[in-house]
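Right, one structure below, let's go through it.
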Protein chains: 2
Amino acid sequence: MSVNDRKMKVLQAIVDDYVTTNEPVGSKSLIERHNFPVSSATLRNDMAELERMGLIEKPHTSAGRIPSDRGYREYVDSLMTLDSLSDEERIEISGRIDESVGEVRDLLKNASAALSETTGYVSLVMTPKLAGSSLLQLKILMIEPGKALVVMVLSAGVVKDKVVRIPNFLTPDQLKEISDSVEKSLNGKPLDEITLVTLATSVKETRIPDSLLNQVLYETYTAIKQADRLDVYLDGEHNMLKLPDFSELSRARDLLGTLSHDGMVAGYVNEIEKESQGSDTYMIRIGQEIALEGLEDCSFITTTYKVGDSISGNIGVIGPKRMDYSKVISQIDFVRYKLNDVIKKLNS
Amino acid sequence: MSVNDRKMKVLQAIVDDYVTTNEPVGSKSLIERHNFPVSSATLRNDMAELERMGLIEKPHTSAGRIPSDRGYREYVDSLMTLDSLSDEERIEISGRIDESVGEVRDLLKNASAALSETTGYVSLVMTPKLAGSSLLQLKILMIEPGKALVVMVLSAGVVKDKVVRIPNFLTPDQLKEISDSVEKSLNGKPLDEITLVTLATSVKETRIPDSLLNQVLYETYTAIKQADRLDVYLDGEHNMLKLPDFSELSRARDLLGTLSHDGMVAGYVNEIEKESQGSDTYMIRIGQEIALEGLEDCSFITTTYKVGDSISGNIGVIGPKRMDYSKVISQIDFVRYKLNDVIKKLNS
DNA sequence: AATTAGCACTCTTACTCTTCGAGTGCCAAA
DNA sequence: TTTGGCACTCGAAGAGTAAGAGTGCTAATT
């Protein structure tokens with residue numbers, strides 16, 4: 001084993017130990033726990049070298065070493081060995097997700113709950129990004145005078161709807177006329193290409209007064225725009241309070257404060273997804289790499305789940321930097337697998 | 001002023017001071033801050049008496065006094081003077097709630113956000129209890145072969161719907177036949193009186209094979225049952241970490257742990273609502289009175305908002321026992337007023 | 001050149017001791 | 001019933017100390 005190889009083994013051992021014990025690891029305990037065929041003095045030299053390389057650091061002069069952000073990065077990129085889930089965990093997760101009755105919302109919520117529970121960290125599940133999907137059907141149904149339901153069927157079988165207000169004296173027949181011509185002209189159009197103008201030009205020959213028509217079209221438009229809204233299901237925030245990493249109240253406060261703005265988190269996920277487009281399946285951000293206040297001591301692992309061919313949503317975990325990356329990744333992976341599976345069945 | 005009156009004034013002053021300073025209040029500072037026309041020694045006697053009565057207590061021998069749960073109770077029931085909201089607060093809350101676009105879900109979420117933000121505590125908004133409301137309309141619409149949308153219009157104008165699966169080869173005409181007869185027989189029925197049997201007997205003369213029919217009826221049934229599900233919007237949990245009352249991590253952990261089970265909280269609200277049925281508009285639980293783990297140092301104030309005549313939902317705040325009750329109550333009151341208002345407009 | 005033993009040095013953590021002061025209870029006088 | 005006075009209690013805060021884990025460096029060894 002070359003000297004360089006050993007240094008990497010040392011880094012790996014430091015990460016592993018620190019992750020489990022949450023204590024800065026010193027040369028002596030390193031020897032004890034792992035069987036390096038060298039003395040502690042040699043490890044001290046190696047560690048000094050690793051520190052020069054910026055992979056580990058000391059909290060203070062006379063303490064052991066902890067991995068730096070770059071150290072974790074090296075670990076995640078090159079040193080980590082992926083392991084697989086235990087059967088109990090699979091069963092636990094499967095159970096949680098299978099118990100969702102019907103609604104996609106429940107499904108995603110349950111997936112998030114399952115993920116936060118098995119990891120013991122914060123989980124994140126976002127609704128699928130529908131902006132790119134297209135409109136297969138659109139129906140406007142009269143509920144009662146003045147009130148209608150806009151029902152949209154999107155590609156990949158997603159159904160969205162919204163109650164809208166319409167002029168009181170609009171008759172069901174008139175509404176049907178509008179509905180039919182709107183559907184005809186929008187059929188197959190990607191959601192993000194639909195504008196108020198598209199809608200307005202879609203209904204041409206009609207005896208319905210413009211003012212009435214416009215109100216209906218406007219409401220329909222808002223319904224369409226609202227359909228592709230991203231919802232975020234964060235779960236397990238309170239888990240963070242159990243971690244020694246956040247035993248300082250101020251850290252916990254900052255973290256939970258930021259997490260409570262789920263829009264911010266969602267925005268960030270979209271951002272990093274854009275950046276790392278097409279590269280790895282898993283997007284891992286470590287410590288300072290995360291551009292969110294209060295998450296400096298966290299790592300953020302996200303990936304995507306699929307709804308049909310072109311539509312996907314995000315799923316991920318926010319935990320302490322000091323986490324068992326390999327385990328968490330396999331946990332996310334299984335949840336994602338189950339999610340894909342259940343959604344496929346749901347839509348088939 | 002009789003001696004007894006003064007004792008109550010003293011209690012009031014102690015609560016007021018303790019709420020603002022979070023320090024046990026002693027006889028001397030009491031004299032300084034309020035102008036009692038007596039000496040500190042007299043107050044000491046009064047305080048000893050109040051302690052004998054179980055209204056205040058000492059954290060330790062040589063400290064000032066803090067209100068006991070019973071002390072807070074006395075304060076809330078008899079001593080508190082209600083004050084009203086500042087204009088800024090009204091505007092702030094109004095803005096937050098008015099910005100909700102259309103969906104009831106958004107409205108309730110925003111109301112909850114507004115409430116947690118203005119109080120600085122945890123807010124709770126529950127969806128209206130629909131169990132008692134009745135079914136005005138029910139339509140089952142074919143979306144595509146094998147998939148249908150069940151749309152329900154309930155009393156008070158609430159619209160609920162759910163995508164359900166139906167047999168693949170069921171034709172739109174057959175579905176319409178089922179839909180029409182179901183609607184006819186269920187029209188006006190309270191939700192909680194509808195059972196699978198009711199449904200089954202509603203469709204009698206038909207040429208549709210039983211097996212197909214039953215699947216549709218069963219799915220419709222689950223859609224109806226799901227309609228009256230209670231959702232809970234808790235917000236501002238992280239606010240509790242800012243309070244000195246929860247600077248002990250373990251308390252904060254227990255509290256947030258319990259709050260994360262929003263089903264538990266919802267269940268508790270339903271329970272206390274049942275108990276205090278018909279009494280006050282506001283239900284206030286203080287400290288140990290709250291039968292939820294981790295909320296021993298909290299108070300829980302709830303009230304109801306209205307959707308139409310007979311339907312109502314719950315809204316409330318969970319904060320530290322040591323809160324400005326009068327202020328929080330007026331804040332809840334205003335949010336509730338706005339909520340009632342917006343909902344009325346939405347349904348009109 | 002790489003490894004090792006040894007040793008002086010550093011820095012945190014935990015504990016003890018002390019002091020300070022706010023607050024109390026109670027007594028005797030008004 | 002109220003008040004001044006006083007001894008007493010107890011927590012909070014600060015200082016000092018000892019223990020221990022870990023380091024870096026030097027000189028010897030392989």
Side-chain angles (χ1 to χ4, degrees), chain A residues 1-11 13-15 17-18 20-68 71 244-245 247-248, chain B residues 1-11 13-15 17-18 20-68 71 244-245 247-248:
Chain A
M1 186 164 63
S2 87
V3 177
N4 214 46
D5 280 357
R6 190 187 59 220
K7 277 211 290 268
M8 285 306 136
K9 287 252 184 230
V10 171
L11 175 58
I14 290 175
V15 174
D17 279 14
Y18 184 60
T20 54
T21 64
N22 191 32
E23 307 270 305
V25 359
S27 52
K28 219 168 167 183
S29 57
L30 214 45
I31 290 278
E32 268 170 35
R33 247 191 296 259
H34 309 262
N35 13 6
F36 285 103
V38 292
S39 76
S40 65
T42 310
L43 289 193
R44 274 204 290 286
N45 289 332
D46 288 350
M47 286 160 86
E49 179 66 14
L50 284 169
E51 184 166 2
R52 257 186 301 270
M53 294 163 70
L55 297 174
I56 58 179
E57 53 199 26
K58 306 193 266 254
H60 34 258
T61 330
S62 75
R65 303 304 213 294
I66 64 175
S68 67
D245 312 67
S247 58
E248 258 172 84
Chain B
M1 185 164 64
S2 89
V3 178
N4 214 44
D5 280 357
R6 191 187 58 220
K7 276 210 290 270
M8 287 304 137
K9 286 252 185 230
V10 171
L11 175 57
I14 290 175
V15 174
D17 279 15
Y18 185 61
T20 54
T21 65
N22 192 32
E23 307 268 307
V25 359
S27 53
K28 217 167 168 188
S29 56
L30 213 44
I31 290 279
E32 269 171 32
R33 247 191 295 258
H34 309 262
N35 11 8
F36 285 103
V38 291
S39 77
S40 65
T42 310
L43 290 193
R44 275 204 290 285
N45 290 332
D46 289 350
M47 287 160 84
E49 179 65 16
L50 284 169
E51 184 166 1
R52 257 185 301 270
M53 295 164 70
L55 297 174
I56 57 178
E57 54 199 27
K58 306 195 267 255
H60 35 259
T61 329
S62 73
R65 304 303 214 292
I66 62 175
S68 67
D245 312 66
S247 58
E248 258 173 82

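Atom CD of A:Glu57 is separated from atom P of D:dG24 by 14 Å (rounded to the nearest Å). In this structure, the CD1 atom of A:Ile31 is 14 Å from the C1' atom of D:dG22, given to the nearest Å. A:Ile66 has its CD1 atom 13 Å from the P atom of D:dT23, to the nearest Å. The nearest whole Å value for the distance from the CE atom in A:Met47 to the P atom in D:dG22 is 9 Å. Rounded to whole Å, atom C1' of D:dT23 lies 13 Å from atom CD1 of A:Ile14. Separating the CG atom of B:Asn22 from the P atom of D:dA12 is a distance of 13 Å, rounded to the nearest angstrom. A straight line from NZ of B:Lys28 to P of D:dG4 spans 12 Å, rounded to a whole angstrom. One atom, CG of B:Asn45, and another, P of D:dT3, lie 10 Å apart when rounded to the nearest Å.
On a pure distance criterion of 3.5 Å, a polar donor-acceptor pair joins the side chain of A:Ser62 and the base of C:dT10. Interface remark: the A:Arg44 side chain does form a donor-acceptor pair with the C:dG6 base, using a distance-only criterion of under 3.5 Å.
Nearest to the side chain of B:Lys58, among D:dT23, D:dC10, C:dG25, sits C:dG25. When each of D:dG22, C:dC11, D:dG24 is scored by its nearest atom to the side-chain atoms of A:Arg65, the top-ranked nucleotide is D:dG24. Comparing D:dT2, D:dC10, C:dG23 by their closest approach to the side chain of B:Arg6 singles out D:dT2.
Under the side-chain contact (heavy atoms from CB on, under 4.5 Å) rule, A:Ile56 has a single partner from A:Ile66, A:Leu11, A:Val25, which is A:Leu11.
Within the model, atoms NZ of A:Lys7 and CE of A:Met53 stand 6.0 Å from one another, a figure rounded to the nearest 0.5 Å. With values rounded to the nearest 0.5 angstrom, B:Asp17 atom CG is found 12.0 Å from B:Asn22 atom CG.
Dashed line: the shortest gap from a side-chain N or O of B:Thr42 to OP1 or OP2 of D:dT3 is under 4.0 Å.
Looking at heavy-atom distances under 4.0 Å, A:Ala63 makes contact with sugar-phosphate atoms alone, never a base. When heavy atoms are screened at a 4.0 angstrom cut-off, A:Ser27 is found touching the sugar-phosphate backbone but no base atom.
DNA chain C is contacted by both B:Glu51 and A:Ser39; A:Ser39 maps to the nucleotide lying nearer its 5′ end (nearest heavy atom per residue). Remark on DNA chain D: of its neighbouring residues B:His60 and B:Val38, the 5'-side contact belongs to B:Val38, judged by nearest-heavy-atom nucleotide.
Using modelled atom types, one side-chain atom of A:Ser68 and one backbone atom of A:Gly54 make a donor-acceptor pair closer than 3.5 Å.
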Might you work through the side chain to side chain contact (heavy atoms under 4.5 Å, CB included) test for A:Arg65 and A:Leu50, ending with a clear yes or no?
CA-CA 10 Å; A:Arg65 303 304 213 294; A:Leu50 284 169; over 6 Å; no
